[in-house]
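Here is how names work: the chains are called A, B, and so on, in the same order as the sequence lines, proteins then strands, and each is numbered from 1.
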Number of protein chains: 2
Amino acid sequence: MKSANKTQGLDPAYVCGHKDPLAVRELLTKVGDKWTIFLILALAKIHGNRARFSELEKSIPHISQRMLTVTLRNLERDGLVIRELFPEVPPRVEYELTDLGKSLLRPMEVLFDWVSGNWEAVRRSQSAFDTKKS
Amino acid sequence: MKSANKTQGLDPAYVCGHKDPLAVRELLTKVGDKWTIFLILALAKIHGNRARFSELEKSIPHISQRMLTVTLRNLERDGLVIRELFPEVPPRVEYELTDLGKSLLRPMEVLFDWVSGNWEAVRRSQSAFDTKKS
DNA sequence: CTGTATCCGCGTGGATACTG
DNA sequence: CAGTATCCACGCGGATACAG
């Protein structure tokens with residue numbers, strides 16, 4: 001199958017050395033989405049892997065109702081959260097992280113912590129770069 | 001690891017409990033970008049935190065020349081990579097991860113590994129979801 | 001309270017052509 | 001080789017209105 005795709009002794013496409021590179025890239029795009037990250041983290045920490053729609057909305061400043069709904073639907077479809085509807089008046093809906101969703105928690109936290117700890121350094125670098133260019 | 005819990009019991013906006021929530025969200029969007037992730041990982045592994053333009057292009061299937069250039073410029077501006085031009089004919093340009101860039105390596109790998117290890121489970125969940133809905 | 005539906009402006013990014 | 005410059009199609013996502 002892959003007999004002669006060596007350039008200098010290493011696979012040039014090693015990063016995508018998967019059965020389905022497109023699927024990997026697609027999923028990577030999804031889990032890297034800012035609303036997805038905020039949602040996973042919020043869902044985990046508000047009470048403990050479980051929260052209702054309105055709580056999530058309050059916990060994630062500036063997210064539109066549309067994006068909250070859309071992102072939650074995608075997470076449900078991807079098997080990362082479970083949606084539970086309580087037929088009350090007024091209606092109540094709770095979302096809970098699945099085991100798969102919980103397993104994504106660590107990667108999200110790691111990424112979020114890096115951003116939290118380094119955004120100021122990045123900002124300084126940007127300023128220096130822009131100054132040098134002007 | 002639970003760095004965001006520096007606030008009292010239950011801050012509804014704990015996720016954005018930073019001096020500049022907008023900056024954090026913005027940077028999170030950038031480091032979550034698929035081309036950024038592939039680029040950081042490729043840069044680190046081709047030879048060892050250093051590679052030239054054409055090598056990166058080969059290592060990241062389907063990336064356009066434009067996006068490679070744009071992403072590299074942003075990474076340089078953010079202080080994650082350093083660009084070094086060798087005035088030869090033909091010209092040669094090498095990019096190298098800075099210390100800040102290297103510190104982002106682990107988060108990227110963690111996220112990438114999760115995707116690599118779970119995209120099939122996600123795909124199955126999607127199929128089940130779609131079947132149930134149709 | 002928890003959505004769904006529609007409109008639509010705007011940024012993202014591919015394709016293409018050209019340059020030092 | 002390593003870009004830069006344009007054009008422009010497309011989808012993301014905000015705003016708004018409405019519903020169960």
TODO: Respond yes when some side-chain nitrogen or oxygen of Arg52(B) is under 4.0 Å from OP1 or OP2 of dC1(D), and no when none is.
DONE: no
Open item on the list: For Val31(B) versus Val115(A), what's the shortest heavy-atom pair and its separation?
Closed with: CG2-CG2, 3.7 Å
- [ ] Look at the side chain of Gln65(A) and decide which nucleotide, out of dG14(D), dG3(D), dA17(D), has an atom nearest to it.
- [x] dA17(D)
Task: Upstream residue (5' side of DNA chain C) when Ser64(B) and Arg73(A) are each assigned their closest nucleotide - done: Arg73(A)
TODO: Calculate the interatomic distance between Ile63(B) atom CD1 and dA15(C) atom P; express it in whole Å.
DONE: 13 Å
- [ ] Pick base, sugar-phosphate or nothing for Glu57(B), based on heavy-atom distances below 4.0 Å to the nucleic acid.
- [x] nothing
Task: More than 12 heavy atoms from other groups under 6.0 Å of CD on Glu26(A) - done: no
Open item on the list: What is the separation between atom CD on Glu26(A) and atom C1' on dC12(D), rounded to the nearest whole Å?
Closed with: 15 Å
TODO: Dump the intermediate steps for side-chain contact (heavy atoms from CB on, under 4.5 Å) on Leu56(B) and Phe38(B), then the final yes or no.
DONE: CA-CA 9 Å; Leu56(B) 292 169; Phe38(B) 281 130; over 6 Å; no
TODO: Using only side-chain N and O atoms of Ser54(B), determine if any of them is under 4.0 Å from OP1 or OP2 of dA2(D).
DONE: yes
- [ ] Name the closest nucleotide to the Met67(B) side chain, picking from dT4(D), dG13(C), dG14(D).
- [x] dG13(C)
TODO: Round to a whole Å and report the spacing from CG of Asn74(A) to P of dT4(C).
DONE: 12 Å
TODO: Could you state the atom-to-atom distance from CD of Glu84(A) to C1' of dC1(C) in whole Å?
DONE: 16 Å
Open item on the list: Using whole Å, what does the distance between atom C1' of nucleotide dT2(C) and atom NZ of Lys58(A) come to?
Closed with: 13 Å
TODO: Select base, sugar-phosphate, or nothing to describe what Tyr95(B) touches, counting heavy atoms under 4.0 Å on all strands.
DONE: sugar-phosphate
Task: Atom-pair distance (CG on Leu68(B); P on dA2(D)), nearest Å - done: 10 Å
Task: Listed nucleotide nearest any side-chain atom of Asp33(B), set dT2(C), dG13(C), dA15(D) - done: dG13(C)
- [ ] Specify the angle, to 10°, made by the local axes at the two ends of the helix from dC1(C)-dG20(D) to dG20(C)-dC1(D) when five pairs are taken at each end.
- [x] 50°
- [ ] Measure from the side chain of Phe53(A), starting at C-beta and using heavy atoms only, and say which of dC1(D), dG3(C), dT4(D) lies closest.
- [x] dG3(C)
Task: Step-by-step side-chain contact (heavy atoms from CB on, under 4.5 Å) determination, Arg77(B) to Asp130(A) - done: CA-CA 8 Å; Arg77(B) 179 171 180 264; Asp130(A) 295 342; 2.8 Å; yes
Task: Among Val70(B), Thr69(B), Ile63(B), the one residue meeting side chain to side chain contact (heavy atoms under 4.5 Å, CB included) with Arg66(B) - done: Val70(B)
TODO: Could you check Glu109(B) against Arg106(B) for salt bridge (Lys or Arg N to Asp or Glu O under 4.0 Å), going step by step and ending with a plain yes or no?
DONE: CA-CA 5 Å; Glu109(B) 287 174 342; Arg106(B) 190 51 52 89; 3.5 Å; yes
Open item on the list: Are more than 12 heavy atoms, taken from residues, nucleotides or ligands other than Arg50(A), located less than 6.0 Å from that residue's CZ atom?
Closed with: yes
- [ ] Measure the distance from CG on Leu56(A) to C1' on dG3(C) and round it to the nearest whole Å.
- [x] 14 Å
Open item on the list: Both Pro91(A) and Lys34(A) contact DNA chain D. Taking the nearest nucleotide for each, which residue is further toward the 5' end?
Closed with: Lys34(A)
- [ ] State whether Arg66(A) places a side-chain N or O below 4.0 Å from either non-bridging phosphate oxygen (OP1 or OP2) of dT16(D).
- [x] no
- [ ] Test side-chain contact (heavy atoms from CB on, under 4.5 Å) on Leu68(B) and Leu39(B) and set out the steps.
- [x] CA-CA 8 Å; Leu68(B) 181 56; Leu39(B) 215 40; 3.5 Å; yes
TODO: Figure out the CD/C1' separation between Glu88(B) and dG3(D), and round it to whole Å.
DONE: 16 Å
